[in-house]
Structures are given as structure tokens and as C-alpha cells.
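First the structure, in the form of C-alpha cells, and then the observations on it.
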Amino acid sequence: DTGVSQDPRHKITKRGQNVTFRCDPISEHNRLYWYRQTLGQGPEFLTYFQNEAQLEKSRLLSDRFSAERPKGSFSTLEIQRTEQGDSAMYLCASSPRLDPTDTQYFGPGTRLTVL
Amino acid sequence: AQSVTQLDSQVPVFEEAPVELRCNYSSSVSVYLFWYVQYPNQGLQLLLKYLSGSTLVKGINGFEAEFNKSQTSFHLRKPSVHISDTAEYFCAVRGDTGRRALTFGSGTRLQVQP
């Protein structure tokens with residue numbers, strides 16, 4: 001069983017550009033989560049999908065951020081008009097379909113640097 | 001809402017010594033508790049979890065944690081650490097109802113010295 005995969009692993013962009021990250025969850029996991037982790041801090045929740053439905057969104061998810069999971073499999077996180085404050089590690093996690101505790105398994109993350 | 005406090009930002013320890021990483025939480029509902037480990041430039045790996053039942057939970061790599069409801073704590077322990085245990089350790093909590101998001105502490109950097 002392969003783990004959660006994320007692409008790209010690293011992204012360097014200039015302020016004002018748009019970026020898009022992809023997350024592929026573990027096969028058969030129907031729940032998918034996005035978190036953001038800044039240097040020296042623990043991950044902070046951004047948003048959560050069950051199948052293709054986006055069920056929770058954090059206040060951290062400003063209107064420049066949008067996440068999709070169109071077919072209930074992979075997900076994308078887009079940041080428009082990037083700012084230096086968006087520099088962080090973006091982590092994706094998934095949890096199994098029949099697990100009532102929602103134990104979350106994380107991918108390797110995408111490290112974003114905004115110059 | 002839940003919150004997590006990891007009191008120690010860094011814990012230096014010598015190889016083969018025991019270690020305890022402290023985690024306290026607050027919640028108005030029953031909780032699930034997790035410990036994750038993060039190696040440099042990698043994602044988070046699940047070490048162990050407390051869901052219900054026995055308060056002593058055993059995880060991977062020789063780690064264990066004890067849930068103490070009266071003290072709202074979930075401290076992580078290992079009787080003898082290795083150099084390879086050097087990493088960042090995160091405690092996380094989720095309520096057993098409602099929101100599915102994990103709330104993480106700020107992490108404890110375990111530095112194992114030879």
C-alpha cells in the first residue's frame with residue numbers, strides 16, 4: 001500500500017504568482033486533509049474533504065486559497081497572488097473510509113518559498 | 001475547541017538514556033490523542049494513538065505514551081533512545097465528535113547526543 005504522495009516537493013515562486021499543489025491520498029481513503037506548517041510550528045488545519053465534498057474550511061484559508069477534489073481521488077490546492085507570508089510546508093493527509101477515529105496519514109509535504 | 005501544549009521546545013538527551021516528552025491538552029469533549037514524528041524535510045509519521053481503553057499505548061520504534069484524563073496529559077516515553085530518534089515530535093488532539101481536524105502542539109525537538 002503506497003502512502004500519500006504530494007507534488008511538487010519544493011516550489012519557489014515570486015510574489016504575486018499563482019501556484020498549485022497536488023495530493024494523491026492512500027488508495028481507498030475517502031477523507032483528505034490539507035494543513036500548513038510554518039517554521040518551528042506544528043501543522044495548522046486548512047481544509048477537509050470527504051469524497052469530493054469540501055466539508056470544513058479554516059479561517060486560515062483566505063479567498064486567495066482554493067482547494068478541489070473533483071472526483072473524490074486526488075486533490076489540488078491553489079494559491080493565487082502569492083505573498084511572502086505564504087511560505088510554508090503544505091501537508092496533505094488522508095484517512096480510511098471505515099475508520100471512525102479518522103486516524104490521519106501524512107504525505108511528505110510541499111515546501112513553498114515565495115521570494 | 002481543543003488545544004495542545006508541549007511545554008518543552010527542545011529536549012537534549014544522551015544516547016541510551018530514557019526520555020519523556022510532555023503533552024497537555026484541553027478539551028470540553030472526549031478526545032482522541034496522537035503522537036507524530038517528523039524527520040528533517042519530511043512529512044509526519046504516526047507513532048501511536050490513544051482512542052479508548054487501556055491508558056498505556058505502545059507505538060512504533062519502542063515509544064509508548066500514557067493517557068491521564070485527570071491531568072489532561074499524554075506524555076511520550078522511551079526507555080532508551082538512539083541517535084536515529086533525533087527528530088521533531090508533535091502531539092495532536094481531536095474531539096470524538098464534530099470537527100475532524102487535528103489540533104497540533106508546537107512540537108518538541110528531541111536531540112540525541114552520543
Side-chain angles (χ1 to χ4, degrees), chain A residues 3-10 21 23-26 29-51 53-61 88-97 99-113, chain B residues 1-10 21-25 29-53 57 59-60 67 74 76 87-109 111:
Chain A
V4 177
S5 62
Q6 293 186 246
D7 184 69
R9 294 290 309 276
H10 303 275
F21 310 140
C23 170
D24 288 87
I26 294 171
H29 283 197
N30 69 330
R31 298 188 181 109
L32 187 148
Y33 309 78
W34 285 99
Y35 290 81
R36 182 176 72 182
Q37 184 181 22
T38 54
L39 206 58
Q41 299 298 317
E44 296 173 291
F45 171 75
L46 292 177
T47 190
Y48 149 64
F49 290 85
Q50 180 165 302
N51 300 314
Q54 188 174 20
L55 298 184
E56 282 185 51
K57 290 171 65 173
S58 162
R59 289 171 298 178
L60 292 175
L61 211 65
M89 175 81 89
Y90 290 84
L91 294 163
C92 177
S94 66
S95 63
R97 182 179 303 274
D99 179 3
T101 67
D102 275 339
T103 298
Q104 296 175 30
Y105 298 89
F106 284 79
T110 294
R111 181 167 295 283
L112 173 66
T113 302
Chain B
Q2 291 80 41
S3 68
V4 176
T5 301
Q6 292 183 247
L7 292 168
D8 305 303
S9 59
Q10 292 188 63
L21 306 183
R22 296 182 292 169
C23 172
N24 288 88
Y25 70 92
V29 299
S30 296
V31 295
Y32 301 129
L33 291 155
F34 305 83
W35 275 99
Y36 287 87
V37 60
Q38 186 175 36
Y39 299 101
N41 297 314
Q42 294 187 28
L44 279 71
Q45 180 182 4
L46 181 67
L47 272 179
L48 50 77
K49 58 186 177 183
Y50 171 78
L51 307 176
S52 64
V57 180
I60 63 171
F67 170 62
F74 189 54
L76 181 70
E88 192 86 19
Y89 291 79
F90 292 96
C91 181
V93 64
R94 183 174 85 78
D96 66 350
T97 59
R99 296 182 69 242
R100 296 185 180 276
L102 289 172
T103 299
F104 285 86
S106 56
T108 297
R109 169 77 176 166
Q111 182 71 44

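Chain identifiers are assigned alphabetically (A, B, ...) following the order of the sequence lines, protein sequences preceding nucleic acid strands; residue numbering begins at 1 within each chain.
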Taking all non-hydrogen atoms of both residues into account, name the closest pair between R100(B) and Y48(A) and its distance.
CD-OH, 3.0 Å
Most contact-rich option vs chain A, by heavy-atom pairs under 4.5 angstrom, among Q38(B), Q45(B), R109(B), is Q38(B)
Using a cut-off of under 4.5 Å for heavy-atom pairs, which of C91(B), A101(B), G105(B) has the most such pairs with chain A?
A101(B)
Residue [X] versus chain B: region with a heavy atom under 4.5 Å:
X	value
Q37(A)	side chain
E56(A)	side chain
S95(A)	neither

Would you give the length of the straight line joining atom OH of Y105(A) to atom OH of Y36(B), rounded to the nearest 0.5 angstrom?
7.5 Å
From Q104(A) CD over to K49(B) NZ, what is the distance, rounded to the nearest 0.5 angstrom?
11.0 Å
Look at atom CD1 of I60(B) and say whether more than 12 heavy atoms of other residues, nucleotides or ligands are closer to it than 6.0 Å.
yes
If you define the side chain from C-beta out and look only at heavy atoms, does anything of S106(B) sit under 4.5 Å from Q41(A)?
yes
Whether the side chain of Y35(A) engages the backbone of L102(B) through a donor-acceptor N/O pair (distance < 3.5 Å, no angle test) should be reported.
yes
Can you say whether L46(B) sits under 4.5 Å from chain A via the side chain, the backbone, both, or neither, judging by heavy atoms?
side chain
Could you look at L51(B) and say if it's the side chain, the backbone, both or neither that has a heavy atom under 4.5 Å from chain A?
side chain
Residue from G107(A), G42(A), G109(A) scoring the most non-hydrogen pairs under 4.5 Å with chain B is G42(A)
Greatest number of non-hydrogen atom pairs under 4.5 angstrom with chain B, of A93(A), S58(A), P43(A), falls to P43(A)
